[in-house]
Amino acid sequence: HPYGNRYAGDKVIRLTPRTEEEVFAFKNIYRRLQVDLWQPSSISYVSEGTVTDVHIPQNASRTLLTFLQGARIQYTVLIEDLQKAVENENNLQTQRNRR
Amino acid sequence: SLSEYNYEVYHSLEDIQSWMYHLNQTQPSLVQVFSIGRSYEGRPLFILQLGRKSRAYKKAVWIDCGIHAREWIGPAFCQWFAREALLTYKTDPAMRKMLNHLYFYIMPVFNVDGYHFSWTHDRFWRKTRSRNSRFHCRGVDANRNWKVKWCESEPEVKAVADFLRQHRKHVRAYLSFHAYAQMLLYPYSYKHATIPNFGCVEIAAHKAVKALRSAHGIRYRHGPASQTLYISSGNSMDWAYKNGIPYAFAFELRDTGQFGFLLPEMLIKPTCTETMLAVKNITLHLLKKCP
């Protein structure tokens, strides 16, 4: 497994905060969990209506998703299994070359 | 040779550097490779000069890819562009005109340390790999690092800035390739204001996204970065524009989130073919129309 299988269980989700309260709530949980933003490039750019893609490591997944559900912040899962997506990025030939 | 190198897969930094060395050896009439400095970790910063060599004055277009390490489709496009230019020089009148009248300075991997790290350790690394005694974190965002008050510029940014300053009289366009969002952006990014040559730039951008869409139907948004994306300061596009390069653009390539940074290799070809149309459109537009 490339990268030592470090992305096993990680997800990428998309959320779009609709209100100032949702923005504030998300920023708080973001700072607590230190997850990786795919877009926008910085948490300071997140405001009402900002399409926000978040890479959630496995160990923060339950905490963040439970929080979002509790705060009624809607989200969709863009990538369910990030490790698989990393492996699928390269075609078979490249994977063989890398191994 | 050009035909054996596979442009439809992602390549490591070492592969890309070997490919540049090979082009330098085998395409002397149109290619010259040189280094403009070294990265924080000491890696050479290679530039590929593309265009028929001439002692006379020639305008130039700067193209960089890979400012952000994880955006692999960028470097893939820079390689694709060089390949297309060299392969079609004899058969495509438009490409021949561009290579005869212009130099293209192509930097396939801007953030060499970060790109290498994204291949070896963390696929989603974004920043450079510098260390700073004042801050605990590692590396900086090289696209928030151009003449800003909150920190010194990185060695990579300084090297490119110095080169662009030295060649300011020649470099008429600055193109930077990122991912992902499917956007074509122009200044300003750091404020809501209209650039003086808005008319020409907007027409060029509009035509470019139209040409891009003609290939595979992919829709790009275009406009000032501050409006189309968000306000951000210290990026290379604004710096290039404010330092005398009249046409500065930033591309956010595919996709819009289905794969994100993990764009599968089978999509390299369509992404690069459509982007070629946009870049050629911008270049020809600038050669002809804009003062």
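Reminder, nothing fancy here: chain letters follow the sequence lines and each chain counts from 1.
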Report task. Let me know if A:Leu78 has heavy atoms under 4.5 Å from chain B in its side chain, its backbone, both or neither. Result ->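 Its backbone and side chain both get close to chain B.
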
- request: Using non-hydrogen atoms and a 4.5 Å limit, figure out which bit of A:Ser42 sits close to chain B: side chain, backbone, both or neither.
  value: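 For A:Ser42, no heavy atom lies under 4.5 Å from chain B.
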
Does any backbone or side-chain atom of [X] lie under 4.5 Å from a heavy atom of chain A? Answer side chain, backbone, both or neither.
{"X": "B:Ile231", "result": "backbone"}
{"X": "B:Leu263", "result": "backbone"}
{"X": "B:Phe261", "result": "both"}
{"X": "B:Ser232", "result": "both"}
{"X": "B:Asn143", "result": "neither"}

* Should we say atom CZ of B:Arg144 is surrounded by more than 12 heavy atoms from elsewhere, each under 6.0 Å from it? ->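 For B:Arg144, atom CZ is crowded (more than 12 foreign heavy atoms under 6.0 Å).
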
- Taking only Lys NZ, Arg NE, NH1 and NH2, and the carboxylate oxygens of Asp or Glu, determine whether A:Asp10 and A:Lys84 approach each other closer than 4.0 Å.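 Salt bridge absent between A:Asp10 and A:Lys84.
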
Taking A:Lys11 first and then A:Glu80, would you say they form a salt bridge - that is, a charged N and a carboxylate O separated by under 4.0 Å?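 So A:Lys11 pairs with A:Glu80 through a salt bridge.
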
Does the Lys NZ or Arg CZ of B:Arg70 fall within the cation-pi geometry relative to B:Phe124 - under 6.0 Å from the ring centre and within 45° of the axis?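 Cation-pi check for B:Arg70 and B:Phe124: fails.
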
(Q) I need the single residue from B:Thr228, B:Leu185, B:Leu253 that forms a side-chain contact (heavy atoms from CB on, under 4.5 Å) with B:Tyr220. Which is it? (A)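 Of the listed residues B:Thr228, B:Leu185, B:Leu253, the side-chain contact (heavy atoms from CB on, under 4.5 Å) partner of B:Tyr220 is B:Leu253.
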
**Request:** Report the option among B:His121, B:Met266, B:Gln258 that has the most heavy-atom pairs separated by less than 4.5 Å from atoms of chain A.
**Result:**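 Max contact count across the listed options: B:His121.
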
- In a check of salt bridge (Lys or Arg N to Asp or Glu O under 4.0 Å) between B:Asp113 and each of B:Arg129, B:Lys127, B:Arg43, B:Arg131, which one passes?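 The option that passes is B:Arg43.
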
